[in-house]
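The structure appears below as structure tokens.
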Amino acid sequence: PVYPNGTASGPSLQDCGVEGCLYDLEFDPTEHTDLATSHPELRASLYRRAIELNMTVYQTPRGFMPDCNSAELQAVVEGGYWAPYAPLPYPLEA
């Protein structure tokens with residue numbers, strides 16, 4: 001075994017779906033046994049609580065997709081550097 005230090009064969013690709021998996025971290029710290037099907041009410045309760053708590057936290061708006069054809073982005077690329085990109089509130093001077 002090579003990944004990451006010879007103790008495991010590779011990362012887990014388990015699909016936990018929208019509501020997530022449920023693990024007993026005290027007895028299964030490496031998260032190999034999903035208990036969601038045997039404890040659906042606990043998973044549902046924890047999921048509802050996570051949604052409730054999430055409503056009290058500010059999240060930075062996601063989903064911004066830059067216009068890859070914009071003059072601003074082309075200037076960054078052609079200038080030989082890459083930086084965080086967001087639309088400028090003013091036109092870029094050439």
Side-chain angles (χ1 to χ4, degrees):
V2 180
Y3 178 87
N5 58 9
T7 60
S9 59
S12 172
L13 299 176
Q14 184 171 2
D15 180 10
C16 292
V18 174
E19 293 185 7
C21 295
L22 180 64
Y23 298 102
D24 184 336
L25 296 179
E26 183 176 348
F27 297 103
D28 184 18
T30 56
E31 301 178 355
H32 283 85
T33 305
D34 183 8
L35 303 173
T37 55
S38 60
H39 294 70
E41 56 287 329
L42 177 58
R43 179 179 70 166
S45 172
L46 291 171
Y47 179 75
R48 284 191 303 272
R49 181 66 176 143
I51 296 297
E52 178 183 316
L53 291 172
N54 194 45
M55 299 301 289
T56 67
V57 177
Y58 174 75
Q59 292 291 322
T60 304
R62 301 280 184 217
F64 169 73
M65 296 297 292
D67 176 5
C68 294
N69 295 316
S70 72
E72 292 89 353
L73 186 57
Q74 288 303 315
V76 169
V77 173
E78 292 169 8
Y81 62 93
W82 188 257
Y85 170 78
L88 298 174
Y90 50 85
L92 183 68
E93 295 180 29

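On a predicted model such as this, the values are computed, not experimentally measured, just so you know. The chain is numbered in sequence order, starting from 1.
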Query raised in the report: side-chain contact (heavy atoms from CB on, under 4.5 Å) with L53: which residues, sequence neighbours excluded?
Result: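 Checked L53 against side-chain contact (heavy atoms from CB on, under 4.5 Å); matches are R49.
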Give, for atom [atom1] of [X] and atom [atom2] of [Y], the distance between the pair rounded to the nearest 0.5 Å.
X	Y	atom1	atom2	result
E26	D28	CD	CG	11.5 Å
L42	L22	CG	CG	5.0 Å
D34	D24	CG	CG	12.0 Å
Y23	L35	OH	CG	9.0 Å

Requested in this report: Would you check if Y47 and V18 make a side-chain contact, meaning some heavy-atom pair closer than 4.5 Å?
Outcome: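 SC-SC contact between Y47 and V18 confirmed.
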Query raised in the report: Within the side chain of R43, is there an N or O that forms a donor-acceptor pair under 3.5 Å with the backbone of T37?
Result: no
Requested in this report: Report the hydrophobic cluster partners of M55, with the cluster defined as I, L, V, M, F, W, Y residues connected by side-chain heavy atoms closer than 4.5 angstrom, directly or transitively.
Outcome: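 Listed partners: none, M55 stands alone.
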Query raised in the report: At their closest point, which heavy atom of A36 faces which heavy atom of G20, and how far apart are they?
Result: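 Of all heavy-atom pairs spanning A36 and G20, the closest is CB-O, 4.4 Å.
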